[in-house]
Amino acid sequence: SAEALKHDEL
Amino acid sequence: MNAFRLLADLTHLLSIIILLVKIRTTKSCAGISLKTQDLYVLVFISRYLDLFTRPLSLYNTPFKLVFLATSITIVYYMRYHKVVKQTYNKDSDTFKHYFLILPCAVLAFFINPKFTFIEVLWSFSIYLEAVAILPQLVLLQSSSNIDNLTGNYVFMLGAYRALYLLNWIYRFFAEDVVRWIPWIAGLVQTALYADFFYYYIKSWRNNERLKLP
């Protein structure tokens with residue numbers, strides 16, 4: 001999903 | 001951003017600072033696995049290629065640059081510094097770390113958020129990070145004497161992912177965020193420390209030197 005592609009964590 | 005996440009990243013940073021302090025002040029990397037450190041360089045390079053593709057972030061970007069720079073610095077010290085490299089326990093650092101890389105690459109090839117170069121490398125880095133501590137744990141088990149800085153370094157490194165677990169639980173309820181790949185890998189990563197945590201806390205409570213059986 002698009003949500004999963006965000007990778008806002010380190 | 002929540003308190004667990006912030007605390008997790010600061011703990012991760014602190015673990016690296018502890019290791020660098022140990023290396024720089026004692027001029028020794030005794031008890032530290034070069035294989036684990038090599039794997040961290042690979043983890044950070046493959047995960048943070050997105051520095052080139054993602055908009056800059058005031059929080060994430062400096063962390064990424066620091067993690068890349070410090071992991072490369074640590075490996076440089078252990079391999080090339082004329083005093084430090086002589087303290088490396090090469091004969092005890094026996095884990096065949098190359099055997100971790102291929103399974104993680106295969107897993108990333110099949111299990112990823114999207115089949116693109118960046119996303120497969122990102123998944124690879126998540127899987128590899130989960131198991132990268134194994135050479136370090138094997139080295140500690142063969143050490144009769146674990147110095148405080150090394151013990152604290154490994155503890156902080158484990159605590160960092162444990163705090164991420166709390167962050168993920170928080171985000172699941174507060175933000176409806178679901179990220180199966182890092183969650184499961186992070187759970188495995190934290191579980192690998194369970195034994196170490198047990199003996200670390202035990203030695204701390206008894207005020208004894210840390211020793212793994």
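Only this structure's heavy atoms are used, side chains among them; waters, hydrogens and symmetry mates stay out. In the text below, chain A, chain B and the rest are named by the order of the sequence lines, each starting its count at 1.
Scored by the side-chain contact (heavy atoms from CB on, under 4.5 Å) test, D9(B) finds L10(A), R5(B), Y59(B), F63(B), Y164(B) as partners (sequence neighbours excluded). Taking W183(B) as the reference, nothing meets the side-chain hydrogen bond (donor to acceptor under 3.5 Å, both in side chains) condition, with sequence neighbours excluded.
Residues from residues 19-49 of chain B that place a non-hydrogen atom less than 4.5 Å from a non-hydrogen atom of chain A comprise R47(B), Y48(B), given in numerical order.
The stretch residues 151-163 of chain B participates, sequence neighbours left out, in these salt bridge (charged side-chain N to carboxylate O under 4.0 Å, His left out) pairs: E129(B)-R161(B).
By the 6.0 Å contact criterion, OH on Y170(B) is open, its count of non-hydrogen atoms from other residues, nucleotides or ligands being 12 or less.
One finds the OH atom of Y76(B) at 9.5 Å from the NZ atom of K85(B) (value rounded to the nearest 0.5 Å).
Taking the six-membered ring where the residue is Trp, H12(B) and Y160(B) present parallel rings, their angle staying beneath 30° rather than reaching 60°.
Residue contact with chain A, scored on non-hydrogen atoms closer than 4.5 Å, involves the side chain of N167(B) exclusively.
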